[in-house]
Amino acid sequence: MAGDSRVHMDHDMEIGVTPREQVKKLPKHLREAQIPTDRTHLISDPVKKPRQRYVQKDGKCNVHHGNVQETYRYLSDLFTTLVDLRWRLSFFIFTLVYVVNWLFFGFLWWLIALIRGDLLHSDEEGWTPCVENLNSFVSAFLFSIETETTIGYGYRVITEKCPEGIILLLVQAILGSIVNAMMVGCMFVKISQPKNRAETLMFSHKAVISVRDSKMCLMFRVGDLRNSHIVEASIRAKLIRSQQTKEGEFIPLNQTDINIGFDTGDDRLFLVSPLIISHEINEKSPFWEMSRAQIEKEEFEIVVILEGMVEATGMTCQARSSYLDSEVLWGYRFTPVLSLEKGFYEVDYNNFHDIYETNTPTCSAKELSARLKESPLLPHLPLLSPDLRQHTDPFSSQTTRDDQEKDDEKPAETNNGSANRLEENP
């Protein structure tokens, strides 16, 4: 037994593993750690840390403002502050404002009755009070509610021999109208906000990079689920990544514009059916010198913003989404979703997020452009696997086997024209 134990220990030392007697003495988190090894040295695969999103997939900005000293600025724009509050706080403030207003004027009516002596002589004959049948603070509070809400039950009535009561009635009517306008206006604006309209604007879960017309392009898809369209729809994109200047200044979360058709007008959309938004990777693109391997190592985030007016209300609506570096796939295209039926076009949203693999050079767009100038056919560029495999996004439960079978039945030269041109010999 002792010899067997020594043999096991020698074997463990040979392959670079901690002996069994020492493993038992290690802490639990070290004993359970799974470390890949071979017989000569330890091998640890570098794990890329997940990047923190700047903008969530649902469009919410993942930024919190802290240490704000000048909080009085929020009160200078009180209406917007009330509209931006959460619903539970809005309901609480809505109720609180009205109750405090009624209590305040109820206290003033009770105070007038107390000063005039109406509370003491209300039962005497021939005594004319300021407000008839007002004999306590509760009755004054009820009269305040009836006055401001113009209920007018007719039991408590102000008399003409009370000038201070008439003045208070005018003040309460004016201030009550202002409070009603502000609070009802806040609730109306909050209810009619176009934020919910953005819930029916869809962005693809992934962005893809592939060749279009012999040019490398970054693409993603947008769609609108409603029949009422977005008027004057426009889209723009930003590249978010940290940058260090030549002088050594570090700029976290630097924003760079991504041209998706601003100069050609392609950024203005007629969003009746899903559209594939394309960014041509040219000399002005931040991805100009990035190959597939470099993009997989980079840490960045692409924020896309879709804006337009809601056709039903005319209010401006904005929808946002983002793509992390791990959500940008090289060598893929989007599966078509539009088909021609009898008398109309049909959009299949089951395939909205689906993509399929296509032959794409792994070099950068800069190198691709240089090779195209030398030889338009590019027979020597490394390509991805020539087998087209259908890829279904993990968020989608519907596969596209029918589309794949249709693609297999087509001639090879029509399946992927750009890839075939790249593979042909000069």
(request) Heavy atoms only: give me the nearest Val184-Phe94 pair and the separation to one decimal. (result) N-CE1, 4.4 Å

(message) Does this structure show an ion pair linking Arg221 with Asp354, if we count only N-O contacts that are shorter than 4.0 Å?
(response) no

(request) Hey, can you tell me if Tyr323 and Phe220 have their rings parallel, tilted or perpendicular (30° and 60° cut-offs)? (result) tilted

(request) Evaluate the criterion side chain to side chain contact (heavy atoms under 4.5 Å, CB included) for residue pair Asp224 and Thr200; output intermediate values, then yes/no. (result) CA-CA 6 Å; Asp224 187 4; Thr200 54; 4.0 Å; yes

(request) Flag the pair Trp102 / Tyr98 as yes when their ring centroid distance falls below 6.0 Å, and as no otherwise. (result) yes

(request) Starting from the C-alpha separation in whole Å, work towards a yes-or-no answer on side-chain hydrogen bond (donor to acceptor under 3.5 Å, both in side chains) for Arg53 and Ser322. (result) CA-CA 8 Å; Arg53 284 189 180 274; Ser322 69; 2.9 Å; yes

(message) Can you confirm whether Asp267 sits close enough to Arg236 that some side-chain heavy atom of one is under 4.5 Å from a side-chain heavy atom of the other?
(response) no

(message) Any heavy-atom pair between the side chains of Tyr345 and Ser273 that's under 4.5 Å?
(response) no

(request) To the nearest 0.5 Å, tell me how far Ser285 OG sits from Lys215 NZ. (result) 13.0 Å

(request) Please report the closest heavy-atom contact between Ser144 and Trp109, naming both atoms and the distance. (result) CB-CD1, 4.3 Å

(request) Tell me, yes or no, whether the heavy-atom count around Phe107 atom CZ, taken from other residues, nucleotides or ligands under 6.0 Å, exceeds 12. (result) no

(message) Would you say CG of Asn62 has more than 12 non-hydrogen atoms from neighbouring residues, nucleotides or ligands within 6.0 angstrom?
(response) yes

(request) Count the heavy atoms belonging to other residues, nucleotides or ligands that lie under 6.0 Å from NZ of Lys190, then report whether that count exceeds 12. (result) yes

(request) Look up atom CZ in Arg197 and atom OG1 in Thr316, then write down how far apart they are to the nearest 0.5 Å. (result) 13.0 Å

(request) Please name the pair of heavy atoms, one in Ile276 and one in Arg212, separated by the smallest distance, quoted to 0.1 Å. (result) CG2-NH2, 3.8 Å

(request) Please check if the side chain of Trp288 supplies one atom and the backbone of Ser364 the other of a donor-acceptor pair under 3.5 Å. (result) no

(request) Measure the CD-CH2 distance between Gln294 and Trp330 for me, rounded to the nearest 0.5 Å. (result) 9.0 Å

(request) Starting at CD of Gln172, measure out to CD1 of Ile174 and round the result to the nearest 0.5 Å. (result) 11.0 Å

(message) Minimum heavy-atom separation for Leu175 and Phe105, please, with both atom names.
(response) CD1-CZ, 3.7 Å

(message) Is the ring pair Phe287/Phe300 parallel, tilted or perpendicular, if the boundaries are 30 and 60 degrees?
(response) perpendicular

(request) Would you give the length of the straight line joining atom CZ of Arg320 to atom CG of Asp58, rounded to the nearest 0.5 angstrom? (result) 9.0 Å

(request) Check whether any side-chain heavy atom of Leu103 lies under 4.5 Å from a side-chain heavy atom of Phe141, and answer yes or no. (result) yes

(request) Might you work through the salt bridge (charged side-chain N to carboxylate O under 4.0 Å, His left out) test for Lys284 and Asp257, ending with a clear yes or no? (result) CA-CA 10 Å; Lys284 298 181 180 179; Asp257 280 328; over 6 Å; no

(request) Measure the spacing between CZ of Arg292 and CG of Leu329 and express it to the nearest 0.5 Å. (result) 9.5 Å

